[in-house]
Structure formats: C-alpha cells, structure tokens
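Numbered from 1 within each chain, the chains take letters A, B, ... in sequence-line order. Quick note: numbers below take in every heavy atom, side chains included, and nothing from hydrogens, waters or symmetry partners. Source: prediction; values computed, not measured.
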Number of protein chains: 2
Amino acid sequence: MAVTLQQIADKAGVSRGTVDRALNNRGRINPEVEERIKRIAKEMGYQPNRAGRALAMSRHSIRIGVILQSIDTPFMQQVKDGVEAAKEEVQRMGAEVEIKEIGGIDASAAIAYMEEMRESGCNAIALVPSEDEFLKTTVDTFVQDYQIPVVTFNSDIAGSKRLCFIGQDTLQSGKAAAGLMSEIVCTHGKVLVISGHPTNQGHKNRAKGFVEELKACRPDVELLDMKYAYDDDWAAEKIVEEALHNTEELAGIYLTASGVEGVCKVIEHYGMAGRVKVISNDLTGKNEEYLKKRTIQFLLGQDPFAQGNNSVMILFHKLFDGIEPDKEYNYTEIVIKNRYNI
Amino acid sequence: MAVTLQQIADKAGVSRGTVDRALNNRGRINPEVEERIKRIAKEMGYQPNRAGRALAMSRHSIRIGVILQSIDTPFMQQVKDGVEAAKEEVQRMGAEVEIKEIGGIDASAAIAYMEEMRESGCNAIALVPSEDEFLKTTVDTFVQDYQIPVVTFNSDIAGSKRLCFIGQDTLQSGKAAAGLMSEIVCTHGKVLVISGHPTNQGHKNRAKGFVEELKACRPDVELLDMKYAYDDDWAAEKIVEEALHNTEELAGIYLTASGVEGVCKVIEHYGMAGRVKVISNDLTGKNEEYLKKRTIQFLLGQDPFAQGNNSVMILFHKLFDGIEPDKEYNYTEIVIKNRYNI
DNA sequence: TTGAAAGCGCTAACAT
DNA sequence: ATGTTAGCGCTTTCAA
C-alpha cells in the first residue's frame, strides 16, 4: 500500500492536518515542523492519493469552460471529440466541464461566452481563439484581474497572457511536407503552393516552412507563385486549372488549408492523378477519400483529438494537482499518413 | 454536481446498499427492484464516481504484474517507459504494479515470474511473450484455472487464451512501408528486403505486407531475393555489400528488423546515401540519427510507449471498472517519420 | 500553531 | 431481500 498522510503524521508525531498544511504550503504552520514533515514525506516516497483528494475536493467543484469556434467544420468536430472525452474523464473525478460552440469565426461571441462562464463560476477556460484585439484584451483581463487561467488551443493568440498553447507547430508541419514532396516530386518539375487566407498565421507558417525547406532540399524544382484559395474549393479548382494550362511540368501541389476537393477534381479530370503529387493537411473525410484513391499522396495530421483532450486535461491538472503545464507551447504530433496507415 | 448513489436511492425509496447491489449485479436483490433502480439510474444519467470507488476498493488492492523480455534493447526501454507511466497513474488510484524484466528471450524465466506473481497475489498479468509452447500452456492455465487475466503486448501468442493483444499490425506496417517505397523509388530499380529472423512472426508479416503491396503498386521494380540479417548489423552489412556488387540498380532497401547501422555504413561508404532509398522500423537512437542524416528516408514507428501504457491500463480498467477490452487486437498507430517530424 | 472531526461517493461486512 | 455502517485518503472547518 502506498504511503498515506496518516503514516507521515505518525512518524512525525503530529496530526494529519499538520502534515496536510506542510505538504500543500497552506501556511499557519511552524516553518521548522514544515521542513521536517516535508523531509519525512520525501523519504517515505509520499505520493498524494488522487482518489482521496478528488473526493475531498468535490465540494468545491472544479469547473472548466471550453469555447470552440468554427464548429461547423469536420476538423473542429474531431477537436470536440477530444474535449468530450476529457470531459467524461474529469467528470468522473468530480469536476465539471461546460462546452460552448460557435459556428464560424466570431470573436465577440467568444467574449460573450467567456463572460458567461465567469459568472457561472468557471475556474478556468480553454479557448479556440480568432485574431481579434478585443478578444486578446479579454483573455488578459481574465488571467490577470480575475485570476482565471486561460489556455488557447488549435490557434494561438500571440503575445497574450494565456497560460499556454496546445496545437500544431505549423512551421515544422510545412517543413515535413516539403521533406515528403522533395522525395516524391520528379526532377525539374514545378511545384505549386496553395495557401488558405493570407492573414492566417497557421497557413502562413506552413507555406513558409514548406517553401524554405523545399528550396533547400530540391534547388532543381521551381516553385510557382503562391496562390490563395481562401479555404474554398472553387477557388482552388480555378488555381489548379490555370496552373495546368500554364505549364506542362506541374509536378506537385502543396495545400496549406482547405480546398482539397477542388484541387483533386481538376487533377482527376485531366487524368493527372499520381503524376501531379498532392500533399495536404488534416485527416477529414474528403481528404482521406482522395488519399485512398491515390489522388493525394500524403496527408499531414495535427492530432485534433489530442488538442481538445490535452487542453482540458492541462487545466484540470493545474486546478486539481496545482501542476503548471511544463511548456508554453504544447505541440501535438505532426502525423504523416499515406493510404496505408489512415 | 454529478448524480450519486444516494440520490438514486432517495428517488427509488431504497438504501444506498441496494442501489449498489442493483447497479453492480451483486445478486441478493429482488429482480423487479433491480430493474427499477437500473432504469432510474439510467434516467438520471448516473456515472459512478471513480474517486469514491477507488477509495473504497483500496483495501482489496488491485495488483498488476508486468513481464518484459528483451529489456536490453533500446526499443523495449520505450515500452517500459509506457509501463512506468501507467504504473504511476494507477498507483495514484490505489493500485499496485510489479514489473519484472528479462534480458534477451527466455520463456522459462517468464514462466517463473508468472508463478511468482501469482503467489504474490497479482490479479492480472501483462506479458511480452516469446514463441514457446510451454509459455502458451502457462498462459492458458492462468486464464482458465486461476482466473487471472493475461494480456500479451508487443508480440502475441497466437491461439492462446490471453484476453487480448496490444501491439502493431505488422502486416499493415509492411504495406505502409511499401506505399512509401513505391513513391520514392526510381523506375525499374531493384528493391531488397532484409528481414530479421525467419521464424519471427512480426518480421515475417512486415516482409509479406511489403512484398505484396510493392508488387501491386510498382510492377516495374524488381524485388531481389529476401535476405535475413538476424537482427545483426554485421550480417546486414554483408548483405548490402553483396547486393551493391551484384547490381548497379539497387534503388531501395526495406529492413523489417534491426541492422540499420550495418546497412547505413555500407550505403554511406559507397556514397549512395539518398540514391538507395532506405526504409526501416522503430524510432530508436541510431535509426533517428541516420534519418536526420538522410541516409534513411523513412522510419515506421509502432508507438512502443502506448503498447506498454495501454497494456497496463486495459488490465486496470478491467479490474477497476469491470470493463472488458473492446477489441481482441488493439493495434497501435503505424507512425511514419521523416527527418522533420521525429 | 496545532489537533480533532466531519464529510466527499463508494464498497463490503454485518445486521435485520 | 434489504438496511446500516465503517472506512478508504484527503481537505477543510472549527476548536483549542
């Protein structure tokens, strides 16, 4: 049986309450006694029993708020699955989780939900943010003035006082894609990068990482001018069509964001599947279909489930165990999928 | 606050004890009352509180035994890390985990440890097995006669009565490797498969999956006769050297097991790094080095951490929550790594 | 500054 | 067949 508070108390010749005060730095204790108890606890290899703690703390329930944006995308559904799983788990430890969903991007809705959560007694908030100055200010206010820790996940708010970020290292993801492209694209072919929104940090980073690394690995291939599809299939379609008309040597396409269906339709229409190598992001239904059909060669995943799950768990651990996240940037794995390991 | 046994008892007009008997099928209860209570519990959305249960059960402590073989390999160390992490976690829920390590392969040592664990009161065992008829019989005896569930992980014992297997789908892993090779190997090149031991199921499956799938995808490439390196670098070195001498068109090497260093030394010596594509398995130190250096193009991982972790957690959930694993084969992810996402 | 005790949700032994 | 109760390890309040 593991070491208990009582055993430490016995050995130290004090009561359970005193040991508790010592080990949890609650004050109102003789510093010397505190030292001694801490030493004894360490010697005995004390590990607090989570069950006991959970039970005792279940009166002052932990309450975590989660705000998801763009919930109408299949990708965000996967993030939500991770949140739901974490919710189940921490609920069984006596905590509560409140999930709010926003269709599309709406910073003011997010702010409204944050206020609502504060009023309903949330002790912490996990947020999928969007780029908005007022949202950033709100986050800072929550952290500093209200002492409510906020973590961002999937996207980040650069320069804010959020506790940490959970999501992909998009720059590195772009590089990984370049590594793949450099292996599969034919000599002296031309490669097209189609990004999403010019303002989106994630898209921008992926494109940057890709271009940087492809230039380094494959100086022989020519990078065409970057295009933006604005997450739109029709736009992507037009871009690819134009590229195919302008050069016979289109050898590869890297897509930093949505638009896969548009790209693949054109590729298939011109019978170029497998000849023009396509690499894209996120393991959503359509993407996987085209991967299986071999119109896409590789998909890069960002483990959306882990993003949702870890966000809640990091907050839970902070509130429950008092353990701060060890890193400011908690990157989820860069997952490489071909048609055999989806 | 979540629903408690007491709330259900109040609503049903019975005592906590009765509700407990009803929901946990402990018998000694009026079937009609049992039905009614179960219905009410469902209506109220009852989820047993893990903390309460853990605390109450901590008297009759759960004890899980883990037996690792080939612990002297870096790969198995990663499996062990997963076991250790799970140990920490379940210990904090009041359970105990006993880990035994075996250097190399030694079925009789494994059997001896199993007996030892049974005597020391283990309720369940997780085992990295080896192919041995007596070990198989022992596992069956434990499961059937002693009612001690056993799971196998990393390797399986085909046809035994173990509860389930946690590890890689090696056939599919071989196919994934073939998918990669088919994308990166040049036209009409020759590909060499170097396997480990001819008797090892995992190695055999990987080779089979690879050959099958490469033939299907790339009928233009010629597969050289399969060789066995017996997990030995020197043997692998000789094999590659010979292959390089016999053909100028060696374009790819797939390694199902150990021997990477031998392979890479030769490749580098002849200045063929990057020209002969190398795909191998497992993310161990040496492998990663050669991946970074670009002598290896891809490594396939089998998430050893998850193998160790999940094995313990599956047993814990069975003993603690009474939840059987949902699948007989719990495959860990087939991880693809290039030099950018290690 | 410290000790004593109640109570969190659940299980299991005991009582009815 | 059902009710009652002690107790798991911990936190927190109240008393000393």
Side-chain angles (χ1 to χ4, degrees), chain A residues 1-38 41 44-62 90-96 123 319-322, chain B residues 1-38 41 44-62 90-96 123 319-322:
Chain A
M1 180 74 75
V3 184
T4 70
L5 277 192
Q6 185 63 64
Q7 291 173 28
I8 298 172
D10 291 346
K11 189 160 270 181
V14 295
S15 72
R16 286 210 319 263
T18 304
V19 177
D20 177 57
R21 281 190 287 270
L23 297 183
N24 295 291
N25 309 305
R26 297 193 208 282
R28 301 187 313 157
I29 189 175
N30 185 330
E32 294 167 28
V33 176
E34 177 167 343
E35 258 336 291
R36 198 162 59 85
I37 291 176
K38 281 186 170 169
M44 299 177 74
Y46 174 70
Q47 286 276 81
N49 181 309
R50 310 198 82 197
R53 166 171 286 179
L55 218 41
M57 299 211 330
S58 55
R59 316 184 200 194
H60 324 275
S61 190
I62 287 176
V90 304
Q91 268 183 347
R92 306 194 79 194
M93 297 291 287
E96 294 171 73
N123 323 87
L319 296 175
F320 185 80
D321 299 306
Chain B
M1 182 73 73
V3 184
T4 70
L5 277 193
Q6 185 63 64
Q7 292 174 28
I8 298 173
D10 292 346
K11 188 160 272 180
V14 295
S15 74
R16 284 210 320 266
T18 305
V19 177
D20 177 54
R21 280 189 288 268
L23 298 184
N24 295 291
N25 308 304
R26 297 193 210 281
R28 302 187 312 156
I29 188 174
N30 185 328
E32 295 167 28
V33 177
E34 177 167 343
E35 258 335 291
R36 199 161 58 85
I37 291 176
K38 281 186 171 170
M44 299 177 74
Y46 174 71
Q47 287 277 77
N49 181 309
R50 311 198 85 201
R53 165 170 287 181
L55 220 41
M57 299 212 328
S58 55
R59 315 183 202 194
H60 324 275
S61 190
I62 287 176
V90 305
Q91 268 183 347
R92 306 193 81 193
M93 298 292 285
E96 292 173 73
N123 323 86
L319 296 175
F320 185 79
D321 298 307

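- For B:Arg36 (side chain) and B:Ala12 (main-chain N/O), a donor-acceptor pair under 3.5 Å exists by modelled atom type.
- Remark: A:Arg53 is not in phosphate contact with D:dG9, judged by side-chain N or O atoms under 4.0 Å from OP1 or OP2.
- If you measure from atom CD1 of B:Ile8 to atom C1' of C:dG9, you get 11 Å, rounded to the nearest angstrom.
- The nearest whole Å value for the distance from the CZ atom in B:Phe320 to the P atom in D:dC8 is 17 Å.
- Per the geometry, CD belonging to B:Glu32 stands 9 Å off P belonging to D:dT2, to the nearest Å.
- Side-chain atoms of A:Arg59 and base atoms of C:dG7 include a donor and an acceptor less than 3.5 Å apart.
- Counting non-hydrogen atoms under 4.0 angstrom, B:Asn49 reaches the backbone sugars and phosphates but no base.
- The CD-C1' distance, from B:Gln7 to C:dC8, rounds to 13 Å in whole Å.
- Residues passing the ring-ring contact (aromatic ring centres under 6.0 Å, His included) test with B:Tyr46, sequence neighbours excluded: none.
- Residues B:Val14 and B:Ile8 are not in side-chain contact: their nearest non-hydrogen atoms beyond the backbone lie 4.5 Å or more apart.
- Rounded to whole Å, the distance from CE on A:Met57 to C1' on D:dT12 is 12 Å.
- Side-chain proximity of B:His60 to the nucleotides C:dA12, C:dG9, C:dG7 is greatest for C:dA12.
- Remark: P of D:dT11 and CE of A:Met93 are 12 Å apart, rounded to the nearest angstrom.
- Side chain of A:Ser61 to backbone of A:Gly94: a donor-acceptor contact under 3.5 angstrom is found.
- Distance A:Leu23 CG to D:dT11 C1': 13 Å, rounded to the nearest Å.
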Between protein and nucleotides 1-4 of chain C, what N or O pairs are separated by less than 3.5 Å?
{"residue": "C:dT2", "atom": "OP2", "partner": "A:Asn30", "partner atom": "N", "Å": "2.7"}
{"residue": "C:dG3", "atom": "OP2", "partner": "A:Ser15", "partner atom": "N", "Å": "2.9"}
{"residue": "C:dG3", "atom": "OP2", "partner": "A:Ser15", "partner atom": "OG", "Å": "3.1"}
{"residue": "C:dG3", "atom": "OP2", "partner": "A:Thr18", "partner atom": "OG1", "Å": "2.4"}
{"residue": "C:dG3", "atom": "N7", "partner": "A:Arg21", "partner atom": "NH2", "Å": "3.1"}
{"residue": "C:dG3", "atom": "O6", "partner": "A:Arg21", "partner atom": "NH1", "Å": "3.4"}

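- With respect to A:Glu34 and A:Lys38, a salt bridge is recorded, a charged nitrogen being found less than 4.0 Å from a carboxylate O.
- Regarding B:Leu5, its CG atom lies at a distance of 15 Å from the C1' atom of D:dT4, rounded to whole Å.
- When the nucleotides D:dG9, C:dC10, D:dT11 are ranked by their closest atom to the side chain of B:Tyr46, C:dC10 comes out on top.
- A side-chain donor-acceptor contact under 3.5 Å links B:Ser58 to the backbone of B:Leu55.
- With hydrogens and angles disregarded, a donor-acceptor distance shorter than 3.5 Å links the side chain of B:Asn24 to the backbone of B:Asp20.
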